[in-house]
Amino acid sequence: MPIIAYGEEMGYNPKEIEKKWQAIWESEEAFEPSDDQSKEKKYILSMFPFPSGRLHMGHVRNYAIGDALARYYRKRNFNVLHPIGWDAFGMPAENAAIKHGRHPKEWTYSNIDYMRKELSTLGFSFSKTREFATCDALYSRWEQAFIIKMYEDGLLYRESTTVNWCEPCHTVLANEQVEEGCCWRCTTEVQLREMPGYYIDIVKYADELLDDLEQLEGKWPQQVLAMQRNWIGKSQGLEFRFELTKESQVKLGGKFDAYQVFTTRPDTIYGVTYSALAAEHPIVKYLLDHNLLDEQTAEAIIRIANSSERDRAQAEKEGYALGIDVIHPLTGEIIPVWTANFVLASYGGGAVMAVPAHDERDFEFAGRYGLPIKRVIEGGERLPYVGTGVLVESGEFNGRESGDVKEAIINHLEEKSAGKGTTNYKLRNWGISRQRYWGAPIPFVHCEACGLVPEKVENLPIVLPEDVEITGEGNPLENHPTWKRCACPQCGKEAIRETDTLDTFVQSSWYQFRYATDPKKWDERGIDRDDANYWLPVDQYIGGIEHAILHLLYARFFTKVLRDMGQCDIDEPFERLLTQGMVLKDSAKMSKSKGNTVDPDGLIAQYGADTARLFILFAAPPQKELEWNDSAVEGAFRFIKKLYSKKEKATERVLPEIDHSTLSSPAKEARAKVYEALKKASEVYEKSFAFNTLIAASMEALNALDKQDNSSVWSEGMYILLNLLEPIIPHVSTELSESLFDRKNLSATLKIKEEVFVQDTITLAITINGKKRTQIDISPDTPKEEILVIAREAGSKWLEGMSIIKEIVVPGKLVNLVAKPI
RNA sequence: GCGCGCGUGGCGGAAUUGGUAGACGCGCUAGAUUCAGGUUCUAGUGGGGGCAACCCUGUGCUGGUUCAACUCCAGUCGCGCGCACCA
């Protein structure tokens, strides 16, 4: 019986161990990447946090995964870049200012200081020299330079259009930032508003953004790829002109002679019985402005135009005849024009041809208003029939298949100069203006004489004024007495500075390049091309699925833009993506409002960082949701205590040479388990990320070691287990590695010794007709014939009155005897 | 409606990718240690049956392929996520 009188000193003391190693790592600058770019690199990146004040469990999970990978590759002698920074601009800082009267800047930087400490108590191996906050003036400086370059390259423009306005956030939102008609941040319904703003032409890159998803196949989650494809929404078809009749042209004051419509089904063009315009369409506007509609109709159309897209999507089909007609480009028929609430203003020109026989929406609308329905595709019992088939009543195209007639109809219209093959995207250009204070100023100036002028690059950064009053009313930059007054960069006369700030997604679109740039060069340039080419793409990116569209699409887009600017030579920023699941408690997302949070600080105070990290990686595979479980945390703590308590078992300070054949069978078993865990390690760290199974294998190995007492086997076991657990529970692993092996076990590349898997006897399952009946122990080199003899004997009980018709031996696994009654 | 994914003990989850289902952990049961609680240790733990060796049954459901299916195929039900009048 061991004496445990001085157990307190002997026992596992996470606080002391963790503090000690965190200090050592800091003084050793253990996590800084090397400047030597001839070394093989790994860039491991967890999405950077918004400095909200405190870490939550989602952060802990995110960084525990990234840290495990970074530490693994560092040990494998890769040059590892594992940076952290702060996504520091954004609304919550202003909300805190309104609520608590704290200046956003002060609030943000003090949050960063606190959270940086939290990260270090968790022992994450981040590079310290590359840390930055996106609200740092130096970061804005380069971002503003990129924005100006985009403007010069014709990729960025200012335009007044209908935008999504969120009243509580007091700003416009990009399309991606509207979820089911509501603001992604505050979930209130967005309003449509006409106002000027800055846009980046992301649609120009739509094809590349779509096509390059193929390169990511198998490396990004399928779901994310599908969401991106869906969002880009490429569709090919026909765009053609609907010529207005002479009478209609006259009615429209000669202002319009035709309008464009888009269809993906040119094969149904002979089935057109009406055409429909969005309520916002210029022709409808003209009719309203010139009182060419009766009062009731006009009112109804205005009501539709003022309702949100979301409301319209839920409303019944509704529309009004406009009293004008167009001419069918192929048949010359007169087609009535309607306005309809289901036609989207923002897609395909805001106008459609309507083929009620072959489109559900058109059908429903036609039914409601008694419009004619003309079938032109054979197939299906009932209308609408939206499938493909043989064309009828389609003039010269009769009898041909939809599939091969599409191209012909497009060509036909092209020849008549009435239409052309076109590609449309659901993706819209990225609106980057925000009418808020706490963001990077958009570096433009409005000059009465020169118009819109970009700021001179040498004047960058344009920094925010600090003496502002944040009340939640209006834009503080707009309201500031002097800030917006400036000199025109072009003519030098008095001008007005732009008061919109950049969408915060702009900052997170290029931060991966900033980390890669040697900090010594941060003053000189935003991105160093050689550094970027060396470090990027990020080998493994880790973050929440909630960024599947927004951030990941923007960052991919920026990468391509920066490439075209000559900042780097890569096409895709993130080679592999891991989307972690949420951390739940009581089956609900942890949140302050639900009161179901578990505070990382409290957990660390109670059990230590290693337990927190171990639990979070053990409880579920990283991609899945993780249900918090206090007693399972205890279990993780118990494992670490057990590991620690076994340190005296290892008596040799190097990896011992062991003669496997002389060992007892529990010792052999223990070695096999240890090496199984080692085998698993590389697969887990490099491929599957199923840390839960690696931890399970390590637990099995420790349990097996504990069932034997050979100190060499113990030494070898600890040597290996501490190595493979170090990325997960670094403090206790390093502590034990230091005291047992002078940390030599942490730098070595460990070899798998195949001989430990060779067993004296192996167990084969005996199955009869695929059903397991019994098992046999045999020597591994027993010939097949002999195995069958033993197997038949072992199974004889179940084979009575049967005749064997087939025998299958799966080496090392089982014997299956296939038998039939005689 | 369309797209993607998932259904395995009381719970979290394993299963070398077609070869002994339920590893590992939590929980639970019994026992040991303890004045007691906690800790720790030992044994057991999918369901049903049997004194027992054992037997039956079992991966949402129904079929199929195969010597062999949690794994592959078809259908079906349920759940989750995303998109949603995109012409």
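Each chain gets a letter, A, B and so on, in the order its sequence line appears, and its residues count up from 1. The structure displayed is predicted, hence computed values, not measured ones.
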Item to complete: Can you tell me, in whole Å, how much space there is between the P of B/U59 and that of B/U8?
Response: 11 Å

Discussion item. The side chain of A/N703 is closest to which nucleotide in this list: B/G25, B/G12, B/U40?
Written reply: B/G25

Worksheet item: Looking at A/R229, does any N or O in its side chain come under 4.0 Å of the phosphate oxygens OP1/OP2 on B/G3?
Response: no

Item to complete: Considering only atom C1', compute the distance from B/C83 to B/G13 and round it to an integer number of Å.
Response: 31 Å

Worksheet item: B/G27 and B/A36: how far apart are their C1' atoms, nearest whole angstrom?
Response: 24 Å

Worksheet item: When you measure from the side chain of A/H358 to the backbone N and O of A/I377, does any donor-acceptor pair fall under 3.5 Å?
Response: yes

Practice prompt. Measure from the side chain of A/L814, starting at C-beta and using heavy atoms only, and say which of B/G82, B/C26, B/G19 lies closest.
Written response: B/G19

Worksheet item: How far, in whole Å, is B/G63 from B/C54 if one measures between their P atoms?
Response: 32 Å

Practice prompt. Kindly indicate whether the side chain of A/V815, heavy atoms from C-beta on, has any atom under 4.5 Å from the side chain of A/E807.
Written response: no

Worksheet entry | Atom-to-atom span, CD1 of A/I549 to C1' of B/G3 - whole angstrom | 12 Å

Worksheet item: Is the A/F242 ring parallel, tilted or perpendicular to the A/F240 ring (thresholds 30°, 60°)?
Response: perpendicular

Discussion item. For B/G9, does the O4'-C1'-N9-C4 or O4'-C1'-N1-C2 angle fall within 90° of 0, making it syn, or is it anti?
Written reply: syn

Worksheet item: Is A/A819 touching bases, backbone alone, or none of the nucleic acid, heavy atoms closer than 4.0 Å?
Response: nothing

Worksheet item: Using a cut-off of 4.0 Å on non-hydrogen atoms, how would the nucleic acid contact of A/K679 be classed: base, sugar-phosphate, or nothing?
Response: nothing

Discussion item. From the set B/A14, B/A23, B/A87, return the single nucleotide nearest to any side-chain atom of A/P621.
Written reply: B/A14

Item to complete: Kindly point out which of B/A14, B/G12, B/A87 is positioned nearest to the side chain of A/T693?
Response: B/A14

Worksheet item: Start at the 5' end of RNA chain B and walk down; is the nucleotide closest to A/K673 or to A/D706 reached first?
Response: A/K673

Worksheet item: Can you say whether the rings of A/Y259 and A/H281 are parallel (under 30°), tilted (30 to 60°) or perpendicular (over 60°)?
Response: perpendicular

Worksheet item: The side chain of A/F342 lies closest to which of these nucleotides: B/U40, B/G19, B/A87?
Response: B/A87

Worksheet, complete the sentence: Quick note, A/A226 side chain, CB onward, closest among B/A87, B/C4, B/C24 is B/C4

Practice prompt. With heavy atoms under 4.0 Å as the rule, sort A/S235 into base, sugar-phosphate or nothing.
Written response: sugar-phosphate

Worksheet entry | P spacing across the pair B/A69 / B/U20, given as an integer number of angstrom | 11 Å

Worksheet item: How long is the line joining CZ of A/F242 and P of B/A87, in whole Å?
Response: 16 Å

Worksheet item: With no hydrogens and no angle check, is any side-chain donor or acceptor of A/N164 less than 3.5 Å from a backbone partner on A/V190?
Response: no

Item to complete: Would you classify B/U17 as syn or anti? Syn applies when the glycosidic angle is within 90° of 0.
Response: syn

Discussion item. What's the separation between atom CG in A/L413 and atom CZ in A/R241, rounded to the nearest 0.5 Å?
Written reply: 12.0 Å

Practice prompt. Answer yes or no: is there a side-chain heavy-atom contact under 4.5 Å between A/R265 and A/V355?
Written response: no

Worksheet item: Would you call the rings of A/Y554 and A/W430 parallel, tilted or perpendicular, where under 30° means parallel and over 60° means perpendicular?
Response: parallel

Worksheet item: If every non-hydrogen atom of A/A340 is compared with every non-hydrogen atom of A/F365, which pair is closest and at what distance?
Response: CB-CE1, 3.7 Å

Practice prompt. May I have the distance from A/Q623 (atom CD) to B/G13 (atom C1'), rounded to whole angstrom?
Written response: 13 Å

Worksheet item: Please give, in whole Å, the distance from B/G25 P to A/L614 CG?
Response: 12 Å

Discussion item. From the set B/A14, B/A87, B/U20, return the single nucleotide nearest to any side-chain atom of A/D359.
Written reply: B/A87

Discussion item. Could you write out RNA chain B as dot-bracket? Rules: Watson-Crick or G-U wobble, both distances under 3.5 Å, brackets [ ] for crossings, | for pairs with another strand, dot for unpaired.
Written reply: (((((((..(((......[....)))((((((.......))))))((((....))))..(((((..]....))))))))))))....

Practice prompt. Look at all strands and tell whether A/E625 reaches a base, only sugar-phosphate, or nothing, counting heavy atoms closer than 4.0 Å.
Written response: sugar-phosphate

Worksheet item: At under 4.0 Å, does any side-chain N or O of A/N230 touch on OP1 or OP2 of B/A84?
Response: no

Discussion item. By the 4.0 Å heavy-atom rule, please label A/A313 as base, sugar-phosphate, or nothing.
Written reply: base

Response to the item:
Taken to the nearest whole Å, CG/A/L702 to C1'/B/G25 is 14 Å

Worksheet, complete the sentence: When rounded to whole Å, the CH2 to C1' distance for the pair A/W628 and B/C26 reads 14 Å

Discussion item. Mind checking if A/G635 touches a base, just sugar-phosphate, or nothing, with heavy atoms under 4.0 Å?
Written reply: sugar-phosphate

Worksheet entry | With sequence neighbours excluded, residues passing ring pair (Phe, Tyr, Trp, His ring centres under 6.0 Å) with A/W220 | none

Worksheet item: Is it true that the side chains of A/N703 and A/K673 contain a donor and an acceptor less than 3.5 Å apart?
Response: no

Worksheet item: How does each nucleotide of nucleotides 43-67 of chain B score, in 5' to 3' order, for protein heavy atoms under 4.0 Å: base (B), sugar-phosphate only (S), or none (-)?
Response: ------------SSS---------B

Fill in: Options B/C83, B/C26, B/A14, nucleotide nearest the side-chain atoms of A/K426
B/C83

Worksheet item: What integer distance in Å separates A/E239:CD from B/A87:P?
Response: 13 Å

Discussion item. Below the 4.0 Å mark, does B/G19 have OP1 or OP2 next to a side-chain nitrogen or oxygen of A/T767?
Written reply: no

Worksheet item: When the distance from CD of A/Q222 to P of B/C81 is rounded to whole Å, what number comes out?
Response: 19 Å

Worksheet item: If you count the non-hydrogen atoms of other residues, nucleotides and ligands that lie under 6.0 Å from CD in A/E793, is the total more than 12?
Response: no

Item to complete: For A/V343, report the nucleic acid contact type (base, sugar-phosphate, nothing); a contact means any heavy atom under 4.0 Å.
Response: base

Worksheet item: Taking atom C1' in both B/C24 and B/A32, what distance in whole Å separates the two?
Response: 25 Å

Fill in: Atom P, compared across B/G37 and B/A43: separation rounded to whole Å
22 Å

Worksheet item: Would A/Y12 and A/T611 count as having a side-chain donor-acceptor pair, cut-off 3.5 Å?
Response: no

Worksheet item: Does A/K813 make a side-chain N or O approach to OP1 or OP2 of B/U20 shorter than 4.0 Å?
Response: no

Discussion item. Please report the distance separating the C1' of B/A84 from the corresponding atom of B/C2, rounded so that it comes out in whole Å.
Written reply: 8 Å

